[in-house]
Each structure stands twice: as structure tokens, then as C-alpha cells.
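Step one of this worksheet: look at the structure below.
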2 protein chains.
Amino acid sequence: MSHPSPHPASSREKPFAPFVCFSIYAASLAFNRLYKQVLDRWGLTYPQYLVLVALREGDDRTVGELGELLFLESNTLTPLLKRMEAAGLVERRRDSADERVVRVQLSERGRTVADELTCVPGDMIAATGEDPEMLAHLPDLIASLDSLAAKLRHAAA
Amino acid sequence: MSHPSPHPASSREKPFAPFVCFSIYAASLAFNRLYKQVLDRWGLTYPQYLVLVALREGDDRTVGELGELLFLESNTLTPLLKRMEAAGLVERRRDSADERVVRVQLSERGRTVADELTCVPGDMIAATGEDPEMLAHLPDLIASLDSLAAKLRHAAA
DNA sequence: TGCGATTAGATCGCGCACGATTTATATTCC
DNA sequence: GGAATATAAATCGTGCGCGATCTAATCGCA
């Protein structure tokens, strides 16, 4: 063997065990897959769901404002919002005071769907078994992730 | 107003504050963006980086084994591995004992690159400022995320 | 007033991620 | 041995996510 492994045998089985990035990546994949099942009822994707929630909490936002909330750029949001518009969920129109900005509003159907979506977080918790031990630690988990993400964004800027 | 908000004003600014899923999503985006910068030196994407690390820790894996490690299916891995093969990083060949399975090995260049990648985790930590407080909590964070991801995968299955 | 700089979105190309389906090989069981 | 079944990977279509670039509208400032 010209390349003997300097690692214990278990590293062949769990080569990513010490990597936060991988745990976040894998958790993100897992979340997305479960969300697909839950959101399929409305034909929504996860980022589309986020847009509806954002607009429910405050309608008539600009593309840029949505981007700040979701950490996405116009190159991602523009086609996504066009698909949502085609699905009759939102309306897009240029701001008359500044023709550069596009304002996004919930349509009537969009508001109906957005209101129905209030049950989604509960559905997700129920689907994962609502372990009270885990639920109690979620605020800490969120705080750690948000702090880490802020550092990463700062480093990438 | 036909739809007065039942929420405090701050929910317009931070509508996703209480959602773990969103913190994970946002952290995953942030990680990916910083990784792009770091991996650009080798022309690698993050999942391609993961494949190289996996093969460095244990070469000659099947597509299915890689999928179990990375939580990906052949519909994602096959084109990804073909791009890596085209880039001269890996070799793909059918297993002679079972012609259904494809085995993936590091090429000579792939091994060189994989060895160079050992500096990547350190580069990432350095780029984010290596806060000792945060580093100390990473094992807990990883454990929480892995446990959550396992529950999500179980629920989605 | 006018022109360079800035800003908001849109467009394009590429690489994931994944549901659904297909192809090819192995296995099972009679 | 041969048909039904199972398994591994590949293929196809769609929707993100993002770097790079473009267009159009606004702002700044002499």
C-alpha cells in the first residue's frame, strides 16, 4: 500500500464527524426534504414559504428588503418571485416614486395561503416527534447558529 | 385596513427569529458563500470538497457509499462525479464483481489536491476570527445539529 | 442643467438537490 | 434454467443559489 491511512478506522465511516459546516449542510438538506413533503400540499418550495411568511408579517416589501431578510440577492429572488406571481401568490409592481424598485404584495390567494401556513411549524415539530429536551435547547441552538452565520457573512464580505 | 397585524412591530424586521429551520438555512448559505471563496483556489465546489475529503479518509468508495456519507442520491452524485472526473480529480469504473456498482477513486492529481485541502478547515476558522468561546461550543452545536438532522431524516422517511 | 457615479432589479450560465423514471445487472425462487 | 423481483446507477425536468454582467432609473455635484 503506497498510501496507508494515518487515521483510525472510524474515519473511513465518519470522515465528517468534526466538521460543523457538514452538520449544518446535512441538517439543511434534511430540513429541506421534510419541508418538501409538508409544503407539497400548497405546491410551495421552502424559500417560497419564507417569502410568504415574510409578507404575512409585513406586506408590500421591496425585492431588496426581502433579500436582506432571507440573505438572498436579486438574481435568486427575481425568478423565484416571478414563479410565485405566475402561481397567483404575489403581485409585483414598480414603485411609482422610484421606478427602480419593485414592490411585492400578497395577492388575495397569497394571503389565504399565508394564513394557512401558520400550522406548518407545528406540523414540522409534530413530524419530528417533539422531543421536549430538544425543544428546550432550540433557543440556544438558534443563537449559536445566528452568531456563527453572522461571523461567516462578515468574513465573506 | 382589512388585515391589521397581530404581531409586534419587530416581527416585520425579524419575521424568522424563532425558526431553527431558517437559522440552519441561513447558516448553510453563509458557509457555502465563504467556502466558495476558499475553494475557488482549486476550482472546487463545497460538495466536491466533501467528496475529496471522504476519499482521502477512505479511497475507492462506491457511489452508494458516498451517498450515505454525504446524504445524497445518485441523481445528485452521478453528474457531480462526472464533473470531477472531467477535472481529473477522480476515476470512475464499474466493479468487475458487480457491474451495477461504480467505484470512485482519487486520481494522482486528486490525491495531491485532497492532501492540500487539509489546510481548509484552519483557513475557515481563521477567516471567521477563531473566537475561542465559540470554538469551545462547537462540539455541542454539532451534536445538537446531528441529532436534529437524524430526527428529520427519520420523519421524512 | 447635465453628466458621471450609484443603486435596484433583471439576465445569463453553471452547479447542485431532488422527485420520478429508466436501464442494466444480480438475486431469488420455483 | 428462467421468469419475477430487487438493486445500483444513470437520466430527465424543475427550482434554487450565486458570480458576473447588463439595463434603467436616480443621485450628486460642479
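Computed from a predicted model, the values in this text were never measured in an experiment.
Within the 4.5 Å cutoff, the side chain of A:F71 has heavy atoms near those of the B:R33 side chain. Looking at heavy atoms from C-beta onward, A:F22 lies out of side-chain contact with B:F31 at the 4.5 angstrom threshold. Between B:L141 and A:L141 there is a side-chain heavy-atom pair separated by less than 4.5 Å. The closest side-chain heavy-atom distance from B:Q105 to B:L55 is not below 4.5 Å.
Distance B:L80 CG to C:dC14 C1': 13 Å, rounded to the nearest Å. The separation between A:D95 atom CG and C:dG9 atom C1' is 13 Å, rounded to whole Å. A:L50 places its CG atom 11 Å from the P atom of D:dC16, with the value rounded to the nearest Å. Straight-line distance from the CG atom of A:L39 to the P atom of D:dC16: 11 Å, rounded to whole Å. Between B:L34 atom CG and D:dC18 atom P there is a gap of 12 Å when expressed in whole angstrom units. Summarising the geometry, the separation between CD1 on A:I24 and C1' on C:dA17 is reported as 18 Å, rounded to the nearest angstrom. Taking atom CE on A:M84 and atom P on D:dG15, their separation rounds to 13 Å, with Å as the unit. A straight line from NZ of B:K36 to P of C:dC14 spans 14 Å, rounded to a whole angstrom.
Residue A:E73 is classed as having no contact, given no heavy-atom separation below 4.0 Å to the nucleic acid.
Where B:Y46 and A:Q37 meet DNA chain C, the nucleotide closest to each residue was compared, and B:Y46 sits on the side nearer the 5' end.
The closest donor-acceptor contact from the side chain of A:Q48 to the backbone of A:M84 lies at 3.5 Å or more, if one exists at all.
Counting heavy atoms of neighbouring residues, nucleotides and ligands inside a 6.0 Å radius, atom CD of A:E73 does not exceed 12 of them.
Nearest nucleotide to the B:T45 side chain, out of C:dG19, C:dT25, C:dG15: C:dG15.
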query = For nucleotides 2-14 of chain D, read 5' to 3', which letter fits each nucleotide if B means a protein heavy atom sits under 4.0 Å from the base, S means only the sugar-phosphate is that close, and - means neither?
reply = -----BSBBBB--

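Dashed line: the shortest gap from a side-chain N or O of A:Y25 to OP1 or OP2 of C:dA17 is under 4.0 Å. An OP1 or OP2 oxygen of D:dC16 is reached within less than 4.0 angstrom by a side-chain nitrogen or oxygen of A:Q48. One finds a side-chain N or O of A:R33 lying less than 4.0 angstrom from the OP1 or OP2 phosphate oxygen of C:dC18.
B:A155 and A:A127 make their closest contact through CB-O, 3.1 Å (heavy atoms, listed as atom of the first residue, atom of the second, distance).
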